Amino acid sequence: MKNKILAVCFALPFCILVGWTLLLSWQQQHGQEITVAVTGYDPRDLLSGHYIQYQIDWDHTDCSQFATHQCAPQDFCQEKRWGRQCRFYIPERHARALDNLFRQRNNEDMKFEIVYSYTPGRQAMAKRLLINGRDWWESLP
């Protein structure tokens with residue numbers, strides 16, 4: 001009896017982790033794709049791994065993509081002390097090139113966007129970073 005309880009105690013966290021992973025994967029695959037404009041970011045977030053941090057530019061985002069035709073900023077990113085902050089993972093070896101590309105851009109000639117998987121009422125999940133409508137790695141020199 002003791003061995004069965006011990007086995008359940010060890011199997012339960014594994015089952016919860018697998019279930020959570022499957023739920024996140026389902027949400028990413030079945031959510032509506034929403035493309036939002038991005039402003040200023042920092043690829044050197046040392047405490048959180050290899051993430052770029054950015055803010056969504058709701059003034060330059062097409063809100064007609066949403067079912068209600070109204071943007072839902074409360075479902076995007078996490079609230080921090082200094083406002084809503086968003087993160088997107090990139091490999092560290094590309095951070096410098098992406099940073100240079102962002103710093104050298106003119107507002108008119110280069111557009112940064114993030115594609116999200118969005119389900120109303122749930123936290124949106126970042127899927128892809130786009131530069132001028134193409135995936136970010138295609139734009140790197």
Side-chain angles (χ1 to χ4, degrees), residues 2-141:
K2 228 179 197 184
N3 289 337
K4 290 181 182 179
I5 293 174
L6 190 60
V8 168
C9 287
F10 282 120
L12 186 62
F14 176 75
C15 292
I16 290 171
L17 180 62
V18 168
W20 184 40
T21 303
L22 291 174
L23 176 67
L24 290 176
S25 176
W26 185 87
Q27 285 177 334
Q28 186 176 28
Q29 296 298 321
H30 292 90
Q32 175 188 0
E33 282 198 354
I34 301 287
T35 304
V36 297
V38 172
T39 61
Y41 80 95
D42 180 8
R44 299 160 300 201
D45 185 5
L46 300 176
L47 299 177
S48 298
H50 309 298
Y51 293 91
I52 57 171
Q53 288 190 1
Y54 57 90
Q55 293 181 339
I56 296 175
D57 185 1
W58 291 109
D59 294 334
H60 292 96
T61 297
D62 179 17
C63 292
S64 67
Q65 301 174 82
F66 294 85
T68 61
H69 295 284
Q70 292 181 342
C71 291
Q74 69 278 3
D75 292 337
F76 289 78
C77 309
Q78 295 178 346
E79 188 67 35
K80 302 284 185 173
R81 285 176 274 175
W82 52 88
R84 287 202 170 267
Q85 295 293 310
C86 312
R87 298 184 324 165
F88 185 82
Y89 174 83
I90 59 166
E92 183 180 17
R93 67 182 179 273
H94 299 297
R96 178 169 283 142
L98 193 58
D99 183 44
N100 289 339
L101 193 61
F102 187 79
R103 289 175 192 252
Q104 294 171 0
R105 74 180 171 94
N106 293 329
N107 288 335
E108 293 81 30
D109 78 353
M110 195 164 288
K111 186 176 179 183
F112 284 73
E113 299 171 309
I114 298 284
V115 176
Y116 278 92
S117 176
Y118 175 67
T119 303
R122 303 197 124 191
Q123 187 72 29
M125 299 174 68
K127 291 175 73 172
R128 296 189 331 253
L129 170 64
L130 303 177
I131 301 174
N132 290 337
R134 300 182 343 192
D135 285 314
W136 64 271
W137 62 82
E138 294 176 14
S139 301
L140 293 180

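These numbers come from a predicted model, not from an experiment.
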Original post:
From Gln32 CD over to Ser117 OG, what is the distance, rounded to the nearest 0.5 angstrom?
Top reply: 9.0 Å
**OP:** Sequence neighbours left out, what passes salt bridge (charged side-chain N to carboxylate O under 4.0 Å, His left out) with Arg93? Give chain and number order.
**Re:** none
Subject >> With Arg122 via salt bridge (charged side-chain N to carboxylate O under 4.0 Å, His left out) - residues at least two apart >> reply: none
Subject >> Any pair counted as ring-ring contact (aromatic ring centres under 6.0 Å, His included), so long as it reaches residues 113-133, sequence neighbours left out >> reply: Phe66-Tyr118, Phe76-Tyr116, Phe76-Tyr118
**OP:** Check Leu129 against Phe88 and note the closest heavy-atom contact, atom names and distance.
**Re:** N-CZ, 3.5 Å
Subject >> Ile16 CD1 to Thr21 OG1 distance, which is reported to the nearest 0.5 Å >> reply: 11.5 Å
Original post:
At what distance, to the nearest 0.5 angstrom, does CD1 of Ile114 lie from OH of Tyr54?
Top reply: 4.0 Å
**OP:** With sequence neighbours left out, write down each residue that passes side-chain hydrogen bond (donor to acceptor under 3.5 Å, both in side chains) with Glu33, or none if nothing qualifies.
**Re:** Lys127
Subject >> Gap separating the CD atom of Glu138 from the CG atom of Asn132, nearest 0.5 angstrom >> reply: 11.5 Å
Subject >> Gap separating the CD atom of Glu113 from the OG1 atom of Thr61, nearest 0.5 angstrom >> reply: 8.0 Å
Subject >> For Asp57, all residues meeting side-chain contact (heavy atoms from CB on, under 4.5 Å), sequence neighbours excluded >> reply: Ala37, Thr39, Asp59, His60
Original post:
Which residues pass the salt bridge (charged side-chain N to carboxylate O under 4.0 Å, His left out) test with Asp135, sequence neighbours left out?
Top reply: Arg128
Original post:
Within a radius of less than 6.0 Å around CD of Gln70, do more than 12 heavy atoms belonging to other residues, nucleotides or ligands occur?
Top reply: no
Original post:
Just by distance, do the side chain of Asp75 and the backbone of Gln123 share a donor-acceptor pair under 3.5 Å?
Top reply: no
Subject >> Side chain proximity check, Pro73 to Ile56, heavy atoms < 4.5 angstrom >> reply: no
